[in-house]
Amino acid sequence: MASMLSSVRSLPRATSNNHSSSSSGQPCHSRVAPLAARPLFRRRAQTNRRQTVITARAGGPPGGVAGMASAATLAALEVSKAVRSKGVEAPDVTNKSFVALDKARLGQVDEEGLPVVYDKDLIQKYWEKEGSALQQRWTEFLGYSVPYLTRVVGMLITGGVDELEKNGATLAKDARIIMEKLGPTYIKMGQMLSVRPDVLPPAALKELAILQDGVKAFPTEIALKMIEAELGRPIAEVFSELSPEPVAAASLAQVYRGKLVEGGQWVAVKVQRPDVLSTVSKDLYVLRRAAEVYQGLVERFAPQQRTNYVALLNEWAVGFYTELDFLNEAQNQQKIKDMLIREEVKGVYVPEVVHHLCTRRLLVTEWIDGVKLSDCEGDEICELTELGQEAFLVQLLQIGFFHSDPHPGNLMRMNDTSKGRLALLDFGLVASIRQEDQDTIVSSIVHLANKDYTSLVDDFIKLEILPPDCDRSKVVPLMDKALSPYVKGGGAKK
């Protein structure tokens, strides 16, 4: 394994700016397309072509250093070919996107010319005026990602998916470091993937979870200027007190604790990171292109993997962009608060929104004192989870409009229980679901309770969780093994 990684790291890279990429993950601002045209690559490819063909047919490389070099060469050539075959295009909104968008403001643009609600055509129009900015970001992305992808492909050639799983922890750590270096968009993507066990193995989930709490704050001096600009008046006219440092920092924004001059209410003041909308809209182009490259490589070297990474990226991109509109978040929060009250859901509380102080970049809501659900004692977690389950099932199955980001930081045990015991926070990502899908979900619950796994497969196909051509003879027994212990009660059995 060490020999293979060494040979991958030592592959020559075509550089346009005389920068190189080190094993520590520093960028190598290089053009990857000419890799296969370099003399050394041609010699290696010609020397190893016959061996590579034999390797591919046999299902693995020959042993020894020559085999490792062959795998590394093939990996580099395949990555190079995949990278140069894709154009730059923004993620598209599918007909079945679940992201709740503010349709009343579709087509509106901000002072920079970017749409306030996700619109592929308007974003494309904006970046067409910005010259080579997209290509520069793509090149920067390649400087970090190509050496990584080459390692991944080399492992797939050498030992298939088993080799990837064996090195999963190391690969996940390297990916996390790359995401941190590339900035907020990639950190947010890592946070999203950290809660997707259907996409990534446990070792990767554990490593990417570090990104949930590892975001550095931007300077308070800049935050205060942004708050004043959004308010259109001095901070002292609105807040009698404001914490000197942020109480929380995330990939898109950070939060301060403040006290209103009018009424003396304590509030959470959430302010967006500077220039984050233009950065994100540019990075979404890059990630769409990267997803297509990765999809092609997976289909080439791990066809048993059925995840549609392009579709996953499309839906995530629309949701991520939408999270940058704090007016939409305020509207989502108010809507769910009103709906839970109407449905008489007890024990769960949604904070008040101070609407007249909210803008696209500034959100002011009621301050909640409490403890993260994950930090509570076991018995208390069980009690509060039951309340949360009730609230989320009502949102999903009765309302059809639900909070889509219920990670531990967004679920809080309230110190003051006069309004409720469990507070729901952060409504930037909210989804809406069609009645037909609600009906299918209800049907799947009934089929699960009755252990009717054949019908459950049909439900999952309708919900597009499983592909229509899935092998039922394999899926049904796996469902039985995985789900039956939970249906019986008491959790999974060893």
Side-chain angles (χ1 to χ4, degrees), residues 187-188 190-198 200 202-203 205-215 217 243 245-258 265-270 323 329 332-333 336-337 339-341 343-353 363 365-397 399 402-431 485-486 489-494:
I187 291 172
K188 186 70 176 180
Q191 291 172 339
M192 180 272 292
L193 289 171
S194 74
V195 292
R196 292 297 302 268
D198 57 321
L200 295 176
L205 298 177
K206 181 179 180 181
E207 183 65 38
L208 293 181
I210 296 172
L211 296 172
Q212 295 287 0
D213 299 313
V215 180
S243 59
E245 297 296 332
V247 294
S251 55
L252 302 183
Q254 56 198 40
V255 178
Y256 294 82
R257 185 172 187 258
Q265 181 186 15
W266 286 101
V267 292
V269 183
K270 182 177 177 182
E323 286 190 72
E329 180 173 348
N332 290 340
Q333 186 164 334
I336 289 183
K337 180 180 180 66
M339 286 177 167
L340 291 180
I341 291 173
E343 297 294 333
E344 299 183 349
V345 175
K346 306 298 183 183
V348 175
Y349 183 72
V350 176
E352 298 281 354
V353 180
L363 180 71
T365 59
E366 176 185 358
W367 179 266
I368 301 294
D369 284 310
V371 180
K372 282 200 309 184
L373 178 61
S374 56
D375 292 339
C376 296
E377 296 296 328
D379 291 344
E380 196 168 34
I381 290 176
C382 291
E383 292 175 13
L384 294 175
T385 298
E386 288 186 13
L387 295 176
Q389 284 177 336
E390 173 73 12
F392 278 96
L393 285 173
V394 167
Q395 292 173 59
L396 179 64
L397 301 179
I399 298 173
F402 59 96
H403 188 301
S404 305
D405 194 18
H407 64 74
N410 291 338
L411 299 168
M412 182 175 288
R413 186 209 70 195
M414 300 175 66
N415 290 346
D416 178 5
T417 59
S418 62
K419 296 179 179 179
R421 295 183 61 197
L422 180 68
L424 302 186
L425 309 175
D426 192 349
F427 292 80
L429 187 58
V430 169
Y486 293 95
K493 306 297 189 295
K494 293 184 179 179

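Basis for what follows: all heavy atoms, side chains included, without hydrogens, waters or symmetry-related copies. Remember, predicted model here, so these are calculated numbers, not experimental data.
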Does the pair Asp426 and Lys270 meet the rule for a side chain to side chain contact (heavy atoms under 4.5 Å, CB included), with working shown?
CA-CA 10 Å; Asp426 192 349; Lys270 182 177 177 182; 3.7 Å; yes

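Listed for the Asp405 side chain is no donor-acceptor partner under 3.5 Å among the backbone atoms of Asn410. Within the 3.5 Å criterion, the main-chain N or O of Phe427 finds a donor-acceptor partner in the side chain of Asn332. Not a single donor-acceptor pair under 3.5 Å links the side chain of Gln333 to the backbone N or O of Val350. Side chain of Ser251 to backbone of Ile187: no donor-acceptor contact under 3.5 angstrom is found.
When all heavy atoms are compared, the tightest approach of Leu384 to Leu422 is O-CD2, 3.6 Å.
Put simply, the side chain of Val267 does not reach to within 4.5 Å of the side chain of Thr365, judged on heavy atoms. Counting heavy atoms from C-beta outward, Phe392 and Leu424 have side chains that approach closer than 4.5 Å. In this structure the side chain of His403 reaches within 4.5 angstrom of the side chain of Gln395, judged on heavy atoms. In this structure, Asp416 and Tyr349 have side chains that are not in contact, with every pair of non-hydrogen atoms separated by 4.5 Å or more.
Note: Arg413 CZ to Asp369 CG = 11.0 Å, rounded to the nearest 0.5 Å. Atoms CE and NZ, from Met412 and Lys372 in turn, are 8.5 Å apart once rounded to the nearest 0.5 Å. For the atom pair CD (Glu380) and CG (Asp375), the distance works out to 11.0 Å, reported to the nearest 0.5 Å. With values rounded to the nearest 0.5 angstrom, Leu363 atom CG is found 5.0 Å from Glu329 atom CD. Taking CG of Leu387 as the start and NZ of Lys346 as the end, the distance is 12.0 Å to the nearest 0.5 Å. Note that CG of Leu429 is 5.0 Å distant from CD of Glu323, once rounded to the nearest 0.5 Å.
The existence of a salt bridge linking Lys419 and Glu366 is confirmed by a sub-4.0 Å separation between a basic side-chain nitrogen and an acidic carboxylate oxygen.
In this structure, Lys337 places its NZ atom where more than 12 heavy-atom neighbours from other residues, nucleotides or ligands lie under 6.0 Å away. In Asn415, the CG atom is crowded: over 12 heavy atoms of neighbouring residues, nucleotides or ligands sit closer than 6.0 Å.
Under the side-chain contact (heavy atoms from CB on, under 4.5 Å) criterion, Leu200 pairs with Leu193, Ala204, Leu205, Leu208, sequence neighbours left out. Residues passing the side-chain hydrogen bond (donor to acceptor under 3.5 Å, both in side chains) test with Glu343 are Gln398, sequence neighbours excluded.
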